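This report refers to the structure that appears directly beneath it.
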Amino acid sequence: MLYPDMNENHVCVFRLNRTMKTGVGLYTALVLCLLMGTVFLQRPRPKKPPKPPKPTKRPSFKPAPPPKEPEPQEPTDFPPPILGPPSMFNDCPRECFCPPSFPNALYCENRNLRTVPVIPSRVHYLYLQNNYISEVTAEPFNNATELRWVNMANNRIKKVDKQVFEKVPGLLFLYMERNQLKEVPDDLPVGLEQLRLSHNQISKIPSGAFGKMEHLALLDLHHNKLSDSDMGKNTFKDLKNLVQLNLAHNILKKMPANIPNGIAQLFLDRNNIDNIPKDYFQGFSNLAFVRLNYNQLSDKGVPKAVFNVSTLLDLHLAHNQLTSVPLFNSQLEHLHLNHNSIESINGTQLCPFSLSSESLTDEALMPRLRYLRLDGNHLSPPVPLDVIMCFRHLKSIVV
């Protein structure tokens with residue numbers, strides 16, 4: 001029997017004593033004890049289980065935001081100027097193109113230019129549109145006395161030196177739309193025929209800016225910030241040969257004063273005009289196109305016969321607050337009255353002649369209205385018969 005506090009050596013001694021008492025040989029007992037000790041010594045002792053490794057924190061990888069391309073800042077961050085091809089002309093600026101077949105022209109558009117290059121004296125036509133020019137100085141124009149046409153549209157021009165136009169007295173066409181001008185440039189050449197200054201930030205027309213410009217036929221100032229106070233009473237008075245005046249997309253509340261009576265096209269869309277003086281169009285000898293869409297005109301601000309002008313061919317009064325159709329001359333061909341508040345239309349009242357008049361049988365005297373637009377009002381078809389009877393040249397009526 002093996003007691004609880006006995007180890008392997010105790011067992012051997014115990015058995016050895018018993019063996020000796022029973023007469024078994026000493027040699028046999030010793031061998032037996034050695035063998036048992038060896039067995040016990042070779043039995044592997046249980047190992048303590050290893051501690052589990054501490055969980056390692058996974059590094060959190062946040063995707064890096066895509067790099068933002070910096071906004072171009074004048075002048076260093078703009079794309080580099082693009083050089084033109086080699087030229088047969090020694091005076092051709094490297095950043096421009098001088099076509100051999102057209103030696104009077106200098107093409108410098110779309111070249112990422114910051115400044116105006118030196119203009120050769122032989123040049124009549126200068127193209128500088130779609131660049132990054134912010135200021136026009138006089139030096140590049142020192143020898144450009146033969147210039148007739150300059151296009152500087154779609155740049156960033158904020159300033160034009162006064163001396164620039166002294167260098168180009170024969171300039172006829174000046175295009176500077178889509179820039180950052182805040183006022184009409186001073187000392188413009190008196191021989192200009194076309195001046196385009198649309199899509200700027202012009203809120204000031206200096207006194208006398210258009211003085212003595214008797215040859216100016218087209219003046220485009222639409223999409224600026226002109227108000228009534230920015231234009232004096234005599235701003236346009238000296239423009240005796242003006243054909244088209246475009247003042248659309250400004251902040252005018254009144255009709256511009258002293259428009260030359262020889263004008264043919266007057267565009268005043270998208271202003272805040274709410275009143276037209278009764279005799280405003282009297283004395284106009286060539287007025288053919290009048291556009292007053294998107295204003296604040298109501299019946300109160302539109303005298304009934306203010307558009308009864310014998311030369312008027314095309315009249316736009318869309319997107320206003322009219323409730324009735326104003327009277328017009330028999331020569332009118334296109335009338336746009338869409339998107340007003342008109343509830344009825346009376347052909348008998350609108351007809352320049354009595355419907356029973358013999359004049360309606362004469363083709364030469366018959367009203368010439370061909371296109372009438374009335375959609376966006378409070379009307380519903382059919383078109384009244386008296387309208388059809390009077391305006392027999394009508395090709396299209398939109399209701």
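All of these numbers come straight from a predicted model, not from anything done at the bench.
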Does Thr235 reach the side chain of Asn258, with side-chain heavy atoms less than 4.5 Å apart?
no
For the CZ atom on Arg122, are there more than 12 heavy atoms of other groups (residues, nucleotides or ligands in this structure) within a distance under 6.0 Å?
yes
For Gln296 and Asn320 the tightest heavy-atom approach is N-OD1, 3.4 Å
Would you kindly confirm whether Tyr280 and Ile263 end up in one hydrophobic cluster when ILVMFWY residues are joined by side chain heavy atoms under 4.5 Å apart?
yes
Would you say that Val290 contacts Phe281 through its side chain, given a criterion of any heavy-atom pair below 4.5 Å between the two side chains?
yes
Determine whether Val168 and Val150 satisfy the following criterion, side-chain contact (heavy atoms from CB on, under 4.5 Å), listing intermediate values before the conclusion.
CA-CA 10 Å; Val168 288; Val150 174; 5.9 Å; no
Given Ile133, which of Asn155, Asn179, Thr115 fulfils the side-chain contact (heavy atoms from CB on, under 4.5 Å) condition?
Asn155
Centroid separation His316 to Phe267 less than 6.0 Å
no
Are the side chain of Asp220 and the backbone N or O of His222 linked by a donor-acceptor pair below 3.5 Å?
yes
Can you tell me how far the OG1 atom of Thr323 sits from the NZ atom of Lys300, to the nearest 0.5 Å?
13.0 Å
Contact check, side chains of Leu126 and Ile119, non-hydrogen atoms, under 4.5 Å:
yes
Same cluster or not: are Phe97 and Phe102 linked, directly or through other Ile, Leu, Val, Met, Phe, Trp or Tyr residues, by side-chain heavy atoms under 4.5 angstrom apart?
yes
Name the residue from His319, His339, His249 that meets the ring pair (Phe, Tyr, Trp, His ring centres under 6.0 Å) definition with Tyr294.
His319
Quick one: do Ser324 and Lys304 satisfy side-chain contact (heavy atoms from CB on, under 4.5 Å)? Show the steps, please.
CA-CA 9 Å; Ser324 61; Lys304 196 68 177 177; 3.5 Å; yes
Note, Val116 side chain near Thr137 side chain (heavy atom, < 4.5 Å):
no
For the hydrophobic clusters of this structure (ILVMFWY residues joined by side-chain heavy atoms under 4.5 Å, transitively), does one cluster hold both Leu337 and Leu379?
yes
Please determine whether side-chain contact (heavy atoms from CB on, under 4.5 Å) holds for the pair His378 and Ser341, giving the CA-CA distance in whole Å, both sets of side-chain angles, and the decisive distance to 0.1 Å.
CA-CA 6 Å; His378 305 303; Ser341 300; 4.1 Å; yes
Name the one of Asn246, Asp269, Asp314 that satisfies side-chain hydrogen bond (donor to acceptor under 3.5 Å, both in side chains) with Arg291?
Asp269
Cluster check Leu172, Val243: I/L/V/M/F/W/Y, side chain < 4.5 angstrom:
no
Donor-acceptor contact present, side-chain Asn241 to main-chain Glu214, <3.5 Å
yes
Would you indicate whether the side-chain heavy atoms of Val164 and Phe141 approach each other to under 4.5 Å?
yes
State yes or no: are the ring centers of Tyr107 and Tyr127 separated by less than 6.0 Å?
yes
At what distance, to the nearest 0.5 angstrom, does CG of Leu216 lie from CG of Leu192?
6.5 Å
Determine yes or no for a side-chain-to-main-chain donor-acceptor pair under 3.5 angstrom, with Arg270 supplying the side chain and Leu268 the backbone.
no
Determine, step by step, whether Asn131 and Arg111 satisfy the side-chain contact (heavy atoms from CB on, under 4.5 Å) criterion, reporting the C-alpha distance in whole Å, the side-chain angles of both residues, the deciding distance to 0.1 Å, and the verdict.
CA-CA 6 Å; Asn131 282 293; Arg111 300 280 177 171; 3.8 Å; yes
Would you mind reporting whether Asn377 and Ile345 have side-chain heavy atoms less than 4.5 Å apart?
no
So with a 6.0 Å cut-off around OH of Tyr125, is the heavy-atom count from everything else above 12?
no
Backbone of Lys162 reached by a side-chain donor or acceptor of Asp186 within 3.5 Å
no
When every non-hydrogen atom of Gly170 is compared with those of Arg148, the smallest separation belongs to O-CD, 3.2 Å
Any donor-acceptor pair under 3.5 Å from Asp375 side chain to Asn338 backbone
no
With rounding to the nearest 0.5 angstrom, report the CG to CG distance, Leu317 to Asn295.
9.5 Å
Do the side chain of Asn329 and the main chain of Leu312 share a donor and acceptor less than 3.5 angstrom apart?
no
Exercise: identify the closest heavy-atom pair between Ile259 and Leu245
CD1-CD2, 3.4 Å
Do any N or O atoms from the side chain of Asn200 and from the backbone of Gln180 form a donor-acceptor pair under 3.5 angstrom?
yes
Separation of Leu197 CG from Leu226 CG (nearest 0.5 Å)
10.0 Å
Going by the angle between their ring planes, with limits at 30° and 60°, are Phe173 and Tyr175 parallel, tilted or perpendicular?
perpendicular
Would you say Arg196 has more than 12 foreign heavy atoms packed within less than 6.0 Å of its CZ?
yes
I need the minimum non-hydrogen distance between Leu350 and Pro326, along with the two atoms involved.
CD2-O, 3.9 Å
Could you tell me the separation between the CG atom of Asp161 and the NZ atom of Lys167, rounded to the nearest 0.5 Å?
10.5 Å
Report yes or no: does Asn293 contribute a side-chain atom to a donor-acceptor pair with the main-chain N or O of Ala318 at less than 3.5 Å?
yes
Checking the side chain of Arg373 only, and the main-chain atoms of Tyr371 only, is there a donor and an acceptor separated by less than 3.5 Å?
no
Side-chain touch Leu174/Phe165, heavy atoms, less than 4.5 angstrom
yes
Shortest non-hydrogen contact between Leu106 and Pro93, atoms and distance:
CD1-CD, 3.9 Å
At their closest point, which heavy atom of Pro260 faces which heavy atom of Phe236, and how far apart are they?
CG-O, 3.3 Å
Evaluate the side-chain proximity of Asn340 to Leu297: yes if any heavy-atom separation is below 4.5 Å, no if none is.
no
Taking NZ in Lys225 as the centre, count heavy atoms belonging to other residues, nucleotides or ligands within less than 6.0 Å. Is the count above 12?
no
Same apolar cluster: Ile342 and Leu372, side chain cutoff 4.5 Å:
yes
Backbone N or O of Gln282 within a donor-acceptor pair of the Asp279 side chain at under 3.5 Å?
no
Reported CG-to-NZ distance for the pair Asn271 and Lys253, which is rounded to 0.5 angstrom
11.5 Å
Exercise: do Lys254 and Asn275 side chains pair donor with acceptor under 3.5 Å
no
